[in-house]
Amino acid sequence: MRGGRAAPVAFAAVAVTHLAALLAGAPAPAHVTKPALMPLLAVYVLARGGPRLLVVALLFGCGGDTLLQVGGDVLFLLGMGSFAAGHVCYLVLFARHGGPRGARTRRLAAAYTAAWLGTLALLWPGLETGLRAPVTLYSLLLTAMALGATRAHAWAAAGGALFLLSDTLIAGALADWPQAPAPQFWIMLTYLAAQSLLARGVLACTGGDGRHGRAGGAGRLRPPGPSTGQLPGQSWTAARASTMP
């Protein structure tokens, strides 16, 4: 499928341009390319016949990217809300079609909860009073999404963990933690990898065409395992919970 080949190439080209602009300290190309990233990834998902809810999740990511880029307290909170809506989409996908819960899920839930509480405790003193409640609720939702991803596919699990890492970097900046050189580069690098892996994991669960496992319903994800040709023995430890890219 021509669109299926062109879309990832376009996404990669724009992503490299965006990251290079961040490294070079060139705000104009960085601002122009950022809003185009998630729509290009969504075009790839559509070309592969992926679930429409995945497309919606990516477009909510685009909304968050754009609003946070404009700046201002109100738009920042609206951008965080847009990302939160995307996480809800992912949660619905993973809850409906992920693998069954078991002892492994309970262990991961305990680890992710401990990571969320520990990170929030470290962030709390440095956060502005008006941000504490939104950050708490958003980071809880993000942590739940990352945990849900561990029930879908190893790629999705990696994407959820990287989303946590990316947002931890942003939360650290909000709390005045020491920053690495070119912090926006690292935030966007981990964020782009996270969204790409989440999309790839969902597509892998659906067979890449949104119709895999027709007997169970069109477009449904299958639980990971040898019977679906997915990677067995997926295991991901807790990542740091945080806030919004």
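Worth saying up front: this structure is predicted, and the values here are computed from it rather than measured.
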Residues A152 and C205: closest non-hydrogen pair is O-SG, 3.2 Å

Value for NE2 (H18) from CG (L22), rounded to nearest 0.5 Å, stands at 4.0 Å

Report yes if some heavy atom in the side chain of L141 is under 4.5 Å from a heavy atom in the side chain of L91; otherwise report no. yes

Check: Taking the side chain as C-beta and beyond, is there a heavy-atom pair between L54 and C89 under 4.5 Å?
Finding: no

*Can you get from W124 to L164 by hopping between Ile, Leu, Val, Met, Phe, Trp and Tyr side chains that sit under 4.5 Å apart?*
yes

Can V32 be reached from L19 by stepping across I, L, V, M, F, W or Y side chains whose heavy atoms are under 4.5 Å apart?
no

Original post:
Is a side-chain donor or acceptor of Q179 paired with a backbone partner of W177 at a separation under 3.5 angstrom?
Top reply: yes

Can a donor-acceptor pair be found, under 3.5 Å and without considering hydrogens, that links the side chain of W155 to the backbone of A199?
no

_Test item: H31 side-chain N/O and P27 main-chain N/O as donor-acceptor pair under 3.5 Å_ = yes

inquiry  = Is any side-chain heavy atom of L198 closer than 4.5 Å to one of Q195?
reply    = yes

Note: A13 and T17 closest approach over all heavy atoms is O-OG1, 2.8 Å

- Message: Check whether T33 reaches the backbone of A30 with its side chain - one donor and one acceptor, N or O, closer than 3.5 Å.
- Response: yes

Here the gap from T168 atom OG1 to L123 atom CG, rounded to the nearest 0.5 Å, amounts to 7.5 Å

Between A146 and A161 the two heavy atoms that sit nearest each other are CB-N, 4.5 Å

| task | Decide whether V202 and L53 are clustered together by the hydrophobic rule: side chain heavy atoms of Ile, Leu, Val, Met, Phe, Trp, Tyr closer than 4.5 Å, transitively. | result | yes

task: Could you tell me whether the side chain of Q69 and the main chain of P35 form a donor-acceptor pair under 3.5 Å?
output: no

* Find out whether S139 and T119 are in side-chain contact, i.e. whether some heavy atom of one side chain is under 4.5 Å from a heavy atom of the other. => no

- Task: Any chance you could lay out the side chain to side chain contact (heavy atoms under 4.5 Å, CB included) test for K34 and M188, step after step, and finish with the verdict?
- Result: CA-CA 9 Å; K34 189 176 183 182; M188 288 304 298; 3.9 Å; yes

Using a 4.5 Å cut-off on heavy atoms from C-beta on, say whether the side chain of F163 contacts that of T190.
no

State, yes or no, whether a side-chain contact exists between T150 and L147 at a heavy-atom distance under 4.5 Å. yes

task = Give the cluster check for W186 versus L68: same hydrophobic cluster or not, with ILVMFWY residues linked at side-chain heavy-atom distances below 4.5 Å.
result = yes

OH of Y44 to CG of L40, rounded to nearest 0.5 Å, is 13.0 Å

Exercise. State plainly whether one hydrophobic cluster holds both I187 and V135, where clusters connect Ile, Leu, Val, Met, Phe, Trp and Tyr through side-chain heavy atoms under 4.5 angstrom apart.
Key: yes

With a 4.5 Å heavy-atom cut-off, do R151 and T105 have their side chains touching?
yes

Could you tell me whether the side chain of S166 and the main chain of L162 form a donor-acceptor pair under 3.5 Å? no

Scanning both residues in full, the closest heavy-atom pair of A42 with L59 reads CB-CD2, 4.2 Å

message: side chain to side chain contact (heavy atoms under 4.5 Å, CB included) for D73 and L131? Distances and angles first, verdict last.
response: CA-CA 10 Å; D73 292 344; L131 285 177; over 6 Å; no

Next item on the list: Please test V45 against R48 for side chain to side chain contact (heavy atoms under 4.5 Å, CB included), starting from the C-alpha separation and ending with a verdict.
Entry: CA-CA 5 Å; V45 169; R48 293 285 302 272; 5.9 Å; no

On a heavy-atom basis, the closest approach of Y90 and L58 is OH-CD2, 3.6 Å

R52 atom CZ, over 12 foreign heavy atoms within 6.0 Å: no

| request: Report yes if the distance between the aromatic ring centroids of F60 and H87 is under 6.0 Å, otherwise no. | output: no

Exercise for review: Go through Y191 and M38 one step at a time and tell me if the side chain to side chain contact (heavy atoms under 4.5 Å, CB included) criterion holds.
Suggested key: CA-CA 11 Å; Y191 167 68; M38 291 305 106; 3.6 Å; yes

Rounding to 0.5 Å, atoms CG (L41) and OG (S196) come to a distance of 5.0 Å

Are any of the side-chain heavy atoms of M145 and V88 separated by less than 4.5 Å?
no

Output for pair (M80 CE, I170 CD1), nearest 0.5 Å, gives 11.0 Å

So CG of L169 and CD of Q184: to nearest 0.5 Å the spacing works out to 9.5 Å

Can the ring centres of Y138 and F83 be said to be less than 6.0 Å apart?
-> no

